[in-house]
Participant: 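Quick one: the structure is below, and I'll ask about it shortly.
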Amino acid sequence: MEAAAAKPVLRVAAICGSLRKASFNRGLLRAGTLPFRFLLCLLLYAKIIHPHLRINPAAAEVCEDSIPGLRIDHLDISDLPIINTDLETEGGGFPPAVEAFRDKVCQADCFLFGAPEYNYSIATPLKNALDWASRGKNCWVDKPAAIVSAGGGFGGGRSQYHLRQVGVFLDLHFINKPELCIQAFQQPPKFDSDGNLIDNQIRERLKQVLLSLQAFTLRLQKD
């Protein structure tokens, strides 16, 4: 009997809408790629600081090794200038940082957005990145995506809804479920002071988001 064909490796571009180093949303994206041993050490450290936390080490395996066929690359948007069409050159050229970002977007099979909520909507850096990669040739078109968010109140849910609305015109195809909106300031602590995710239940939910994104991407590619 022939062995089952291995799943193709999907390139997931992770884009955080916050530029803050200790951003909770950046921590969510980072939790999808950190090696298991580092995550386990981080969780054990959190257990020392917060002895009442209930930690299941198996849930820490949200990384590329725990989901075969996914490769997650973080796309930095901090160097993108504020969108200004005067910066475009004749013939449809863009500033170097924009060109490099657009190339990485085009190379990705799908996207994982960390979408902080600012004033009930999308953070400016994320909207700026979406706009730059849609100029001229739309680099987002017909690609799958997932959204995660963390914050106060609704946990970034309103930002997620606005991002989905923008995605309609960009022809992005978002997974509908599972949703992941983390109320970051509720007890027990969800993140440490550096923005690292320390909640094992949320890590497992993040894994389900990644699995759903993987399955959806493979289905669209097959079609």
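Here the structure is a predicted model, which is why all the values come from computation and not from measurement. Starting from 1, each residue takes its place in the sequence as its number. Note that these values count all heavy atoms, side chains included, but never hydrogens, waters or copies made by symmetry.
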Participant: Got more than 12 heavy atoms from elsewhere within 6.0 Å of CD, Gln165?
Facilitator: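 12 or below, so no.
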Participant: Using only atom types and a distance under 3.5 Å, with no angle test, would you say the side chain of Ser149 pairs donor to acceptor with the backbone of Gly155?
Facilitator: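 Yes, the answer is positive, given that a donor and an acceptor are paired below the 3.5 Å cut-off.
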Participant: Is there a path of hydrophobic side-chain contacts, each under 4.5 Å between heavy atoms of I/L/V/M/F/W/Y residues, joining Tyr118 to Leu126?
Facilitator: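 No.
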Participant: Could you verify whether a donor N or O on one side chain and an acceptor N or O on the other, from Gln186 and Gln183, lie under 3.5 Å apart?
Facilitator: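 Yes, side-chain donor-acceptor contact under 3.5 Å.
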Participant: Kindly give the heavy-atom pair with the smallest separation between Phe94 and Glu99, and that separation in Å.
Facilitator: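 Phe94 and Glu99 have their closest heavy atoms at N-OE2, 3.1 Å.
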Participant: Are Asn119 and Ser121 linked by a side-chain donor-acceptor pair shorter than 3.5 Å?
Facilitator: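 No.
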Participant: Arg135 side chain to Thr85 main-chain N or O, any donor-acceptor pair under 3.5 Å?
Facilitator: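 Such a contact is absent between Arg135 side chain and Thr85 backbone.
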Participant: Quick one: side-chain contact (heavy atoms from CB on, under 4.5 Å) partners of Leu87, sequence neighbours excluded?
Facilitator: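 Partners of Leu87 under the side-chain contact (heavy atoms from CB on, under 4.5 Å) test: Pro81, Asn84, Pro95, Trp132.
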Participant: With ring centroids as reference points, do Phe185 and Phe24 lie under 6.0 angstrom apart?
Facilitator: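 Distance test on ring centres: under 6.0 Å, yes.
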Participant: May I ask you to decide if Pro68's main-chain N or O and Gln214's side chain share a donor-acceptor pair within less than 3.5 Å?
Facilitator: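 Between the backbone of Pro68 and the side chain of Gln214 there is a qualifying donor-acceptor contact (under 3.5 Å).
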Participant: Group every Ile, Leu, Val, Met, Phe, Trp and Tyr by side-chain heavy-atom contacts under 4.5 Å, then state whether Leu112 and Ile182 land in the same group.
Facilitator: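 Yes, it is one cluster - the side chains of Leu112 and Ile182 are joined through contacts under 4.5 Å.
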Participant: Okay, side chain of Arg102, backbone of Ala97: is any donor-acceptor separation there less than 3.5 Å?
Facilitator: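 Between the backbone of Ala97 and the side chain of Arg102 there is no qualifying donor-acceptor contact (under 3.5 Å).
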